[in-house]
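The structure under discussion appears below in the form of structure tokens.
Bear in mind the structure is a predicted one, so any value in this text is a computation, not a measurement.
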Amino acid sequence: MKNKEKKKENIENQNIEEKENKKKKIGITHYLKKHRLGIFLYILVYLIAGTSSILSTLAFAEMVVNVSNGIYLKAVYILCFILGLALVRRISWYLSGLIYQKVSNAIMSELNYDLSRQAFTLNSKTFTDHNTGTFVQRLVHDPERVVGNLADLVDILTDILTTAIILIYITTLNIYIGLIVVAVLIVGIILERYRIKYRVKNRRNTRRKGDKVNSLSTEIVKSEKDIKSLGLEEKLSEVAKENYDAYKRSNYKTEMTDMNFYSLRNLLIEVVSIGILILGIKMLDRGLITLATFMIIYSYDNELYRFVWSVGHVLRIYGDVKVCTERMFALFDENEFITEKFGNVHLENVKGLIEFKHVDYSYIEYENSEDKPEDEEKKKLSRKERKTFKNKPKERVIKSTNHIFEDLSFKIEPNTTVAFVGKSGSGKSTILNLMSKMYEVDNGEVLIDKININDLDKNTLRKTISLVNQFPYIFDMTIRENLLLAKRDASEEELKSAIKSASLSEFIDTLHDGLDTKVGESGIKLSGGQKQRLAIARALLRNSSIIIFDESTSSLDNFAQEEIKHSIDALKGKSTIVIVAHRLSTIRNVDKIFFLDEGKIEDIGTFEYLFENNVKFKNMFYAENLN
């Protein structure tokens, strides 16, 4: 007992250590450091372009002075110099574009890969607790925005540097004008800071609503036939409109807030710019500045607006990058996106003995943190508490608890075929999810070959168990490619054997391209029975010790059901077969049936035994056949 507890403690410590290491490594700076040479070259080339812009601007000012003083030849030489700088600038921008494409594509590729890998480590309950749009945004859209914004940042910072030098130059021409420029810049930057603060808050809310729009759109596309057959077009159009209107309202609020700040900022700068020109005319009239100085101030009066706009753009980019990175790397937050945990026990030859010992399990539904904006939580806190709120880990709030099993125990012998039956909601599919470690037990143990599945390593568990769902996912590939996903190096003989055992040979022989036939997205070109048989063939290729069938025939017609039944019967004695069945007629030949009722195993026996001795089972069979 002590050894078990010690082993469990070691695994927990290992998982904590792995989680801490992930936190240390993950962040956008991790990817920037990895490509620092390319980024350095990109910035260097961009700085060369920026420097040429600055020199061009200063040279142009000098040219204006020379023209004003009648020194025309020197002015022509300066214009030739400006032309040379323009060529340098264009070449630099071209090179920076090439470097950007290479580096950004590499960073994007690595980001998508790491985020996708992390998504695969999340447990099934995590996917259940979040909508599809949540993952689409984090895996696809947010990385694109981050990389694109970081490239814009270099561009804008270079622009700020160029404009700052011009403003400094103007300031040196006259101290009074310089003080006005500095004062306006301070006020403008303060306004931009507040604009971005509100923008970040509004963007978070907009993204949350955008996730819902994306998720619903995905569902509509995937369920198009069901929507039409059930006449749900109008209803779902209304739901889609409600979600989209909510998204647009949130987006409208963001843009209107921006526009209000923009208007105030621009009005301020325009008034001050005209004021500076009026002041310049007065000084020119009194001989305090030269005509050349006035012309330079007039030529670059727009730089004030440009500088404030650029600073605001930097703050906007910072806000967007902050929101996107928070969302992306939230996938690594164990409090919100829970990952699967595995042990370190490796088994080579699994016999297929399955045992549940005193298992308790409750389905807990948590409040979605995305439906409760962070700002609403902040409102309830004092000013002092808000400072620590940012670094406080998110706590998962329980919405409801549904107790499924209490003290559930049973055993399945190796290479036997068993079935779990019962009314909807009796816990059949939950047993399969616990058996395959898609769900974690609250108390008790699930054992495979007398080893707790929590102690088994990932490779052992995944290799040992194959799962065929009610609606198996068939990828948009050829039949061959779908099969090879299960075993990359499968030979032609192995493919033919799996196809034959799954009763798929006759169908494939009728196809012009045979195994190389494309099946379309989600296997749309296949019937329900053909998808099931392809999924069975895929499971057979893995040669797993345990094969689980979850309601695999419930949606099929009688002919397809018989074919699947023959496929399953052909596996008897070769692996441990576990079936959750809706149709009792499909499990007549199994070795043992577990009859479930309200989360408890009410009876165990063969089909004949239960039919003769269990009234509820008999009534279920009659009800099925009458229907």
Determine whether a donor-acceptor pair (N or O, by modelled atom type, separation under 3.5 Å) exists between the side chain of [X] and the backbone of [Y].
{"X": "Glu481", "Y": "Thr478", "answer": "yes"}
{"X": "Ser109", "Y": "Asn105", "answer": "no"}
{"X": "Ser96", "Y": "Trp93", "answer": "yes"}

Item checked: Side-chain heavy atoms of Met259 within contact of Met256, under 4.5 Å ->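 The answer is yes, as the side chains (C-beta and beyond) meet within the 4.5 Å cut-off.
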Margin query: Could you check whether any side-chain heavy atom of Asn482 comes within less than 4.5 Å of a side-chain heavy atom of Arg538, counting everything from C-beta outward?
Written below: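 Yes, side chains in contact.
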Between [atom1] of [X] and [atom2] of [Y], what distance do you get to the nearest 0.5 Å?
{"X": "Ser56", "Y": "Leu83", "atom1": "OG", "atom2": "CG", "value": "9.5 Å"}
{"X": "Asp114", "Y": "Gln118", "atom1": "CG", "atom2": "CD", "value": "9.0 Å"}
{"X": "Ile479", "Y": "Thr517", "atom1": "CD1", "atom2": "OG1", "value": "5.0 Å"}
{"X": "Lys341", "Y": "Thr121", "atom1": "NZ", "atom2": "OG1", "value": "8.5 Å"}
{"X": "Lys74", "Y": "Tyr77", "atom1": "NZ", "atom2": "OH", "value": "11.5 Å"}
{"X": "Phe329", "Y": "Leu111", "atom1": "CZ", "atom2": "CG", "value": "5.5 Å"}

Checklist line | Nearest non-hydrogen partners of Ala59 and Phe81, listed with the distance | finding: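 Looks like CB-CD2, 4.2 Å.
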Item checked: Minimum heavy-atom distance Ser116-Leu139, with the two atoms named ->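 Here Ser116 and Leu139 meet closest at N-CD2, 3.8 Å.
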Next item on the list: Could you walk me through whether Leu122 and Ile338 pass side-chain contact (heavy atoms from CB on, under 4.5 Å), step by step?
Entry: CA-CA 6 Å; Leu122 305 178; Ile338 300 171; over 6 Å; no
Notebook entry, point to check: Hey, what's the ring geometry for Tyr42 with Tyr100, parallel, tilted or perpendicular (30° and 60° as the breaks)?
Noted result: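 Judged by the thresholds at 30° and 60°, the geometry between Tyr42 and Tyr100 is tilted.
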Checklist line | Stepwise side-chain hydrogen bond (donor to acceptor under 3.5 Å, both in side chains) test for Lys248 and Ser250 | finding: CA-CA 5 Å; Lys248 291 305 291 181; Ser250 182; over 6 Å; no
Next item on the list: Please indicate whether Lys253 has more than 12 foreign heavy atoms, meaning atoms of other residues, nucleotides or ligands, lying under 6.0 Å from its NZ.
Entry: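 Result for NZ/Lys253: open.
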Check: Can you list the steps and then say if Asp516 with Leu511 is a side-chain contact (heavy atoms from CB on, under 4.5 Å)?
Finding: CA-CA 9 Å; Asp516 297 310; Leu511 300 173; over 6 Å; no
Next item on the list: Can you spot which of Ile91, Leu85, Leu87 makes a side chain to side chain contact (heavy atoms under 4.5 Å, CB included) with Ser52?
Entry: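 So the option named by the test is Leu85.
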Note to self: Please determine whether a side-chain nitrogen of the Lys or Arg among Glu340 and Arg462 lies less than 4.0 Å from a carboxylate oxygen of the Asp or Glu.
What the structure shows: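 Yes.
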Notebook entry, point to check: Would you call Arg138 and Asp142 a salt bridge, taking side-chain N to carboxylate O under 4.0 Å as the test?
Noted result: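 No salt bridge links Arg138 with Asp142.
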